[in-house]
Visitor: 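Before we start, here is the structure in question, set down as structure tokens.
All heavy atoms count here, side chains included; hydrogens, waters and symmetry mates do not.
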Amino acid sequence: MTSRKELIAPCGIDCANCEMYLAAENEDIKNYLISKGIPESILPCKACLPSEGKCPLMKDVCPTYSCIQSKNARFCFECSDYPCSNLYPCYDRADILPHNLKILNLSIIEHQGIEAFICKSLYTKKMYFKGKMQIGKGPHLE
């Protein structure tokens with residue numbers, strides 16, 4: 001059985017809260033992803049660390065995973081090049097994909113520890129996707 005800590009990818013993505021991973025135990029999520037064009041043959045995702053960086057949406061091993069492995073580190077923030085362009089936020093589908101949370105997630109892990117991140121990760125995701133921006137204060141849930 002995969003531990004909760006092993007479900008945090010080196011880039012900071014929390015696989016435990018990813019729909020592709022959750023499709024293993026939730027038929028509704030699986031059917032939703034299929035309706036959005038995700039091939040059933042690649043579901044569910046096995047998560048980054050347990051699958052050694054093999055993302056079902058990529059042909060090869062994830063380049064960020066390969067990079068961190070070559071540096072013998074667990075998380076990207078342990079690298080002297082952090083933060084690099086592999087982690088930069090993107091506009092494309094930012095409203096539905098968790099990739100723009102990577103640097104925030106890594107900062108929480110680096111400064112507060114992985115246990116604190118695990119406690120906050122679902123809340124952080126909800127803030128990102130549903131929060132309202134307050135200038136100078138960041139997002140908050142209503």
Visitor: Got a list of side-chain donor-acceptor pairs under 3.5 Å for residues 59-73, not counting sequence neighbours?
Guide:
from, atom 1, to, atom 2, distance (Å)
Ser66, OG, Cys62, O, 3.3
Ser70, OG, Cys67, O, 2.7
Lys71, NZ, Asp81, OD2, 2.9

Visitor: Apply side chain to side chain contact (heavy atoms under 4.5 Å, CB included) to residues Leu57 and Ile42 and explain how you reach the verdict.
Guide: CA-CA 8 Å; Leu57 297 175; Ile42 67 170; 3.5 Å; yes
Visitor: Under the salt bridge (charged side-chain N to carboxylate O under 4.0 Å, His left out) rule, collect the residues that match up with Lys54, sequence neighbours excluded.
Guide: none
Visitor: Over all heavy atoms of both residues, which pair between Leu33 and Glu19 is shortest? Give the atoms and the distance, please.
Guide: CD1-O, 3.5 Å
Visitor: Applying side-chain hydrogen bond (donor to acceptor under 3.5 Å, both in side chains), can you list everything that pairs with Glu115, at least two apart in sequence or on another chain?
Guide: Lys5
Visitor: For the CZ atom of Phe117 and the CD1 atom of Ile108, what is their distance to the nearest 0.5 Å?
Guide: 6.5 Å
Visitor: At their closest point, which heavy atom of Leu106 faces which heavy atom of Phe77, and how far apart are they?
Guide: O-CD2, 3.6 Å
Visitor: Please report the interatomic distance SG(Cys15) to CE(Met20), rounded to the nearest 0.5 Å.
Guide: 10.5 Å
Visitor: SG/Cys48 to CG/Asp14 distance, rounded to the nearest 0.5 angstrom?
Guide: 12.0 Å
Visitor: Let me confirm one number: the CG-CG distance from Leu104 to Leu87, rounded to the nearest 0.5 Å.
Guide: 12.5 Å
Visitor: Taking only residues two or more places apart in sequence, or in another chain, which ones meet Glu78 in a side-chain hydrogen bond (donor to acceptor under 3.5 Å, both in side chains)?
Guide: none
Visitor: Once you round to the nearest 0.5 Å, how far does CG of Asn31 lie from CD1 of Ile38?
Guide: 13.0 Å
Visitor: Side-chain heavy atoms nearer than 4.5 Å, only ILVMFWY residues, links allowed to pass through others: does that put Ile13 and Phe75 together?
Guide: no
Visitor: Do you know the tightest heavy-atom contact between Ala116 and Gln112?
Guide: CB-O, 3.5 Å
Visitor: Using the salt bridge (charged side-chain N to carboxylate O under 4.0 Å, His left out) criterion, which residues pair with Lys102? Sequence neighbours excluded.
Guide: none
Visitor: What is the minimum heavy-atom distance between Leu49 and Ile8, and which atoms define it?
Guide: CD1-O, 3.7 Å
Visitor: Looking only at non-hydrogen atoms, find the nearest pair between Tyr82 and Cys76 and report the distance.
Guide: CB-O, 3.3 Å
Visitor: With sequence neighbours excluded, tell me which residues meet salt bridge (charged side-chain N to carboxylate O under 4.0 Å, His left out) with Glu40.
Guide: Lys30
Visitor: Give me the atom names and distance for the closest heavy-atom approach of Pro44 to Ala23.
Guide: CB-C, 4.1 Å
